[in-house]
A.B. asks: 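Take this structure, written in structure tokens, and hold onto it; I'll ask about it next.
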Amino acid sequence: MIEFPMVSFENVTKRYGALTVLDNLNLTIARGEKVAIIGPSGSGKTTVLRMLMTLETIDGGVIRVEGEPLTHMERNGQLVPADQAHTRKVRAKIGMVFQSFNLFPHMTALQNCMEAPVKVLGLSRDEAEARSTELLEMVGMSNRRDYYPSQLSGGQQQRVAIARALAMRPKVMLFDEVTSALDPELVGEVLQVIRKLGAEHDLTMLMVTHQMGFAKEFADRVCFFHSGQICEEGEPTAFFQNPQNERSRQFLRAVLEAG
Amino acid sequence: MWDWAFALEILPTLAKAAVVTVQVTVLGFLIALVVGLMLAACRVMLPGTRFPISLLVELIRSTPLLIQIFFLYFVGPSFGLTLDALTAGILAVGLHYAAYCSEVYRAGFESVPRGQWEASVALNLGRWTTLRDIIIPQAIPPVVPALGNYLVALFKETPLLSAIAVMELMQSAKIIGSQTFRYNEPITLVGLFFLVMSLASAWAIRRVETGINRRYKR
Ligand SMILES: Nc1ncnc2c1ncn2[C@@H]1O[C@H](COP(=O)(O)OP(=O)(O)OP(=O)(O)O)[C@@H](O)[C@H]1O
Ligand SMILES: [Mg+2]
């Protein structure tokens with residue numbers, strides 16, 4: 001049996017009007033791989049994650065998840081636009097954590113985590129509660145399970161958001177600058193949770209981050225984006241010590257200077 | 001000028017009419033709330049309905065309620081829609097205010113951040129589940145005061161139904177007046193009734209508002 005890559009972008013193009021944001025992007029991610037996406041502002045990092053989460057349409061190429069096209073489906077050997085059912089089936093393998101948390105403000109931490117397992121997976125309330133409690137425990141939030149998002153700090157909200165995404169048992173987790181909206185002293189607790197997740201060998205993780213230290217320590221691979229293309233990619237230690245591309249060098253120098 | 005005995009004598013008749021007025025208000029407003037929400041939800045969920053619905057809403061809002069009442073009651077039958085006066089009246093009032101309410105709901109929907117929809121997609125929630133569980137509970141609390149204003153407005157327009165002889169308060173007062181040639185008492189009592197009820201419902205709406213805020217607005 002052929003082992004498909006967990007995710008593959010094949011010649012993926014994304015445009016906003018005249019602006020080409022992603023230009024024939026090719027990117028293959030293996031099962032369990034932890035990939036850090038870095039690059040200057042506007043280089044298309046968020047767009048990559050949003051397309052994989054089906055929050056953006058795709059203007060060219062194909063995205064596959066375990067070999068299955070995401071926004072297309074195969075009919076008579078042809079790729080046609082996917083219907084709702086197909087998209088939902090493939091999308092079920094993917095979870096996402098947002099920069100601005102996006103917790104549901106009218107639900108407690110526990111209810112946030114239980115909503116989708118009950119409504120989408122059809123779990124009983126007891127099963128969903130058990131699963132959610134366990135995950136809230138994992139992110140260190142079980143003592144706050146009955147709090148509303150407005151009663152939680154940013155770091156706590158983000159940890160609940162991580163638990164909420166995990167409750168759907170995704171195979172791929174997407175993180176888009178999940179610590180950028182946090183006060184500096186709260187960043188550590190969220191990174192700690194992500195580190196814990198990294199120990200799960202099966203979970204594939206894609207992370208857009210401006211934290212070079214964390215990328216270096218955590219990722220199996222770093223992809224440096226520039227103007228909608230991968231300029232350079234590689235093993236983190238090598239990449240950070242000895243970047244090959246002039247643009248990556250410039251970028252790393254600028255980031256270093258900024259501290 | 002003012003005859004207490006007469007006022008007391010007509011009170012039971014007016015009370016019966018008041019029941020009709022309240023009935024028109026409650027049922028009409030229920031229709032307005034439900035149909036208004038459906039219209040607003042369709043606009044959000046089914047892009048194809050956006051244009052026809054905004055056309056319909058504009059049509060209803062730019063013609064007088066009185067004409068709509070007449071239309072439903074007198075012109076309806078030639079389209080095979082024959083209704084008794086009370087039903088036609090309730091329906092006309094309900095649909096008229098549904099148009100206004102749908103705009104209120106629309107503002108409520110637009111006030112919910114896009115990130116809420118996106119988080120729902122990321123959790124693979126269906127679109128209608130998202131609407132029901134995530135969007136509506138956030139969209140409605142902020143518009144309760146605006147909806148409440150329309151309840152009071154609707155209530156105050158129910159006398160229009162006297163034009164198709166629905167036995168609500170105004171019609172009842174007019175009949176008493178024409179039979180007894182005394183208008184002071186019936187018209188004053190009806191006015192008082194509207195005053196008291198309007199104040200009472202404004203108060204009730206504020207109660208609902210604080211209740212909802214306690215429950216939802218976090
Ligand atoms: N909805 C949109 N409409 C028009 N242009 C957009 C839209 N979303 C993103 N863009 C543009 O696409 C480009 C890539 O955006 P993207 O958000 O992917 O960048 P990014 O690498 O995540 O940047 P940052 O580090 O600032 O988050 C930018 O030039 C941005 O202005
Ligand atoms: Mg971004």
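By convention in this document, chain letters (A, B, ...) are assigned in the order of the sequence lines, proteins followed by strands, and residues within each chain are numbered from 1.
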A.B. asks: Against chain B, label Ala165(A) side chain, backbone, both or neither, depending on which of its atoms sit under 4.5 Å from a heavy atom there.
C.D. replies: backbone
A.B. asks: Quick check on the interface: out of Gln84(A), Arg164(A), Met96(A), who has the most heavy-atom pairs with chain B under 4.5 Å?
C.D. replies: Arg164(A)
A.B. asks: Closest heavy-atom contact between Gly126(B) and Arg88(A)?
C.D. replies: N-NH2, 3.2 Å
A.B. asks: What heavy-atom pair brings Ala119(B) and Asn102(A) nearest, and what distance separates the two atoms?
C.D. replies: CB-O, 3.5 Å
A.B. asks: Could you look at Leu121(A) and say if it's the side chain, the backbone, both or neither that has a heavy atom under 4.5 Å from chain B?
C.D. replies: neither
A.B. asks: Is the number of heavy atoms from other residues, nucleotides or ligands under 6.0 Å of Phe51(B) CZ greater than 12?
C.D. replies: no
A.B. asks: Look at atom CZ of Phe74(B) and say whether more than 12 heavy atoms of other residues, nucleotides or ligands are closer to it than 6.0 Å.
C.D. replies: yes
A.B. asks: For Leu55(A), is it the side chain, the backbone, both, or neither that has a heavy atom closer than 4.5 Å to a heavy atom of chain B?
C.D. replies: side chain
A.B. asks: Select one option (side chain, backbone, both, neither) describing which atoms of Phe98(A) are under 4.5 Å from chain B's heavy atoms.
C.D. replies: side chain
A.B. asks: Using non-hydrogen atoms and a 4.5 Å limit, figure out which bit of Met168(A) sits close to chain B: side chain, backbone, both or neither.
C.D. replies: side chain
A.B. asks: Under the side chain to side chain contact (heavy atoms under 4.5 Å, CB included) criterion, do Leu125(B) and Glu115(A) qualify, and how do the steps go?
C.D. replies: CA-CA 9 Å; Leu125(B) 289 171; Glu115(A) 172 71 13; 4.1 Å; yes
A.B. asks: Only one of Lys93(A), Arg91(A), Lys119(A) forms a side-chain contact (heavy atoms from CB on, under 4.5 Å) with Asn124(B), so which one is it?
C.D. replies: Arg91(A)
A.B. asks: Quick one, Glu118(B) and Arg50(A) - any side-chain contact, counting heavy atoms below 4.5 Å?
C.D. replies: yes
A.B. asks: Shortest non-hydrogen contact from His106(A) to Ile134(B)?
C.D. replies: CE1-O, 3.6 Å
A.B. asks: Would you indicate whether Arg50(B), at its atom CZ, is surrounded by more than 12 heavy atoms from other residues, nucleotides or ligands within a distance under 6.0 Å?
C.D. replies: yes
